[in-house]
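Every heavy atom of this structure was used, including side-chain atoms; hydrogens, water molecules and symmetry mates were not. Here, residue 1 is the first one in the sequence, and each next residue gets the next number.
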Amino acid sequence: MYILDSILILSVLVSTLYWLVLFIKISLFKETISYANFGICSILMSAKNEAQNLKNYLPQLLKQKDFKQLVVMNDYSDDTTAQVLQSMSKENDKLFSFTPSKDLPGKKWALSEGVQYCTSDHILLTDADCYPVSDNWASIMASKINNGTELVLGYGPLEKTSGLLNAFARYETVITAVQYFGFSLFNKPYMGVGRNMAFTKKLFRATNGYSGHEHIPSGDDDLFVQDARKLTDIQICLDPESFMYSRAPQDLKSYIRQKKRHIATSTSYTSLHKILLSVHPFFHLIAAVTSVVLLTMGHLKIIAGVWLIRWLLLMIMAYLPFKRLAGIDLIKWIPLLDILLVGYYIYFGWSALNRKHASW
């Protein structure tokens, strides 16, 4: 009995400290606000059957104050994407659309050729289903690139709607950001999000683009960061005017499909990052299993005490990082979402081990 109690306390302690360290790192980060000079960057995206999203969101991108061009790679769409781009490009001389030379799974080939069409050395990467929260997005992200930094990691929160799925999807997005921003601040960057990232064409060429992992359909963002971290300093951007929003999955099936695709990339991370990123899932699952066993034995007090202390600490320390990452309304739901995270780890951990489950 003593052994089980000790395992529970130790596992909850380690998994809690994991988040507290990252929360503190994000909370203490001081953002330097600056703006780039007019017209120094190119905005790049790949679009496949995104006609409606392009109608909705391209106008907001084209309102950015500081950018040279917006390059859209129409990746063999079979809807009206081509017509939408043709019509909009007639109305805006900064919008250019091209078709990749090959029709391959994923976005890597399209984006690789898109980089070559960008006339600026500073490139801002985004997706067709996203929109910037302000007209300063391009300026702020591009301003982070300097002589020592050729890669900038931005943030892409999800829109807030109603329902448990939306709350969990947003929560998972926030804690994932806490991890990749926090690890970057500890000089151990491992990923970014393709809907909000800035880099130089020089760096892209130096890493040979996506050639080292072109056989993997996903990972145009994560694996590029893995390659680039060896060649340049990496900055993060938490300026709220630089956020790039997107809609959350509308149903569980869409969410599962999206996460499987993303998690498939994690098997290609470095051994160090795999170990570091497995710390919380491992101890969180051990704590959950031990709690269930102790619960069957009637040890409710030790279980309640340990978990309540954990949730209280997380809710207090999450205030600043969650506020910075547009998730402050989620803090009160941390106990419930923390429990749901157990199921998330079990299901998607199995999917990561079974690569056939993570098709594009």
Side-chain angles (χ1 to χ4, degrees), residues 1-27 160 162-179 182-183 248-249 251-253 255-256 259-260 262-263 266 274-323 325 327-354 357:
M1 211 65 69
Y2 173 78
I3 293 176
L4 289 176
D5 290 347
S6 299
I7 291 174
L8 174 62
I9 294 172
L10 178 62
S11 56
V12 170
L13 176 64
V14 173
S15 62
T16 302
L17 286 176
Y18 175 90
W19 288 119
L20 296 185
V21 170
L22 293 175
F23 286 168
I24 292 171
K25 196 68 174 177
I26 299 296
S27 299
K160 178 184 176 181
S162 60
L164 182 58
L165 177 61
N166 179 265
F168 184 80
R170 291 175 57 232
Y171 175 72
E172 191 272 330
T173 298
V174 170
I175 63 175
T176 297
V178 167
Q179 288 184 109
F183 276 55
D251 54 72
L252 185 59
K253 183 178 179 181
Y255 180 71
I256 290 175
K259 296 310 300 181
K260 280 185 176 181
H262 292 168
I263 289 173
S266 64
K274 288 179 182 177
I275 293 172
L276 291 174
L277 291 169
S278 66
V279 169
H280 183 263
F282 176 78
F283 285 100
H284 197 45
L285 290 175
I286 292 296
V289 171
T290 307
S291 295
V292 171
V293 174
L294 287 171
L295 187 62
T296 62
M297 296 177 167
H299 289 250
L300 183 60
K301 288 185 178 180
I302 182 68
I303 298 171
V306 169
W307 285 100
L308 286 175
I309 292 173
R310 168 186 168 85
W311 291 330
L312 181 61
L313 287 173
L314 290 181
M315 291 170 76
I316 293 172
M317 299 303 295
Y319 179 80
L320 284 179
F322 274 51
K323 182 179 181 180
L325 296 171
I328 195 169
D329 61 295
L330 297 170
I331 292 178
K332 62 181 178 290
W333 299 109
I334 281 180
L336 173 60
L337 298 173
D338 195 44
I339 293 173
L340 293 178
L341 207 55
V342 174
Y344 173 92
Y345 286 148
I346 293 173
Y347 183 84
F348 290 108
W350 173 253
S351 295
L353 294 175
N354 291 265
H357 291 167

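For the pair K25/P321, no side-chain contact is recorded, criterion being any heavy-atom separation below 4.5 Å from C-beta on. Put simply, the side chain of Y255 reaches to within 4.5 Å of the side chain of E172, judged on heavy atoms. The closest side-chain heavy-atom distance from T16 to L314 is below 4.5 Å. Side-chain contact between V14 and F282 is absent, with no heavy atoms from C-beta onward closer than 4.5 Å. Looking at F23 and V178, their side chains come closer than 4.5 Å, going by heavy atoms from C-beta outward. M297 has its side chain within reach of L4: a pair of non-hydrogen atoms, C-beta onward, lies under 4.5 Å apart. Residues I316 and L312 have side chains in contact (heavy-atom distance under 4.5 Å, counting atoms from C-beta outward).
In terms of heavy atoms, S291 sits closest to L8 at OG-CD1, 3.2 Å. Listed here is the closest heavy atom pair of A248 and N166: CB-ND2, 3.5 Å. Between D251 and L165 the shortest heavy-atom distance is C-CD2, 3.3 Å. Taking each heavy atom of L320 and S27 in turn, the nearest pair found is CB-OG, 3.4 Å. Listed here is the closest heavy atom pair of V174 and G327: CG2-CA, 4.3 Å. The two residues I26 and G182 have their closest heavy-atom pair at CD1-N, 3.7 Å.
Separation of the Y18 and F283 ring centroids does not fall under the 6.0 Å cut-off.
The aromatic rings of H284 and H280 lie parallel to each other, their planes meeting at an angle below 30°, with 60° marking the opposite boundary. Classified by interplanar angle (parallel below 30°, tilted 30° to 60°, perpendicular above 60°), the ring pair F322/Y171 is tilted.
No more than 12 heavy atoms of other residues, nucleotides or ligands sit less than 6.0 Å from atom NZ of K160. Counting heavy atoms of neighbouring residues, nucleotides and ligands inside a 6.0 Å radius, atom CH2 of W333 does not exceed 12 of them. Surrounding NZ of K253 are at most 12 heavy atoms belonging to other residues, nucleotides or ligands under 6.0 Å away.
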Checklist line | side chain to side chain contact (heavy atoms under 4.5 Å, CB included) between W19 and I175, intermediate numbers included | finding: CA-CA 9 Å; W19 288 119; I175 63 175; 3.7 Å; yes
Item checked: Trace of the side chain to side chain contact (heavy atoms under 4.5 Å, CB included) decision for I9 with I302 -> CA-CA 9 Å; I9 294 172; I302 182 68; 4.2 Å; yes
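Taking CG from L341 and CG from L336, the interatomic distance works out to 11.0 Å, rounded to the nearest 0.5 Å. Note that CD1 of I339 and CH2 of W307 are 7.5 Å apart. Values are rounded to the nearest 0.5 Å. Y344 OH to K259 NZ: the interatomic distance, rounded to the nearest 0.5 Å, is 4.0 Å. In this structure, CE in M317 is found 11.5 Å from CD1 in I334, a value given to the nearest 0.5 Å. With rounding to the nearest 0.5 Å, the separation of OG1 in T290 from CD1 in I3 is 11.5 Å. Here CZ of R310 is found 4.0 Å from OG of S15. Values are rounded to the nearest 0.5 Å.
The side chain to side chain contact (heavy atoms under 4.5 Å, CB included) with V306 is formed by just one residue from the set V12, L13, L294; it is V12.
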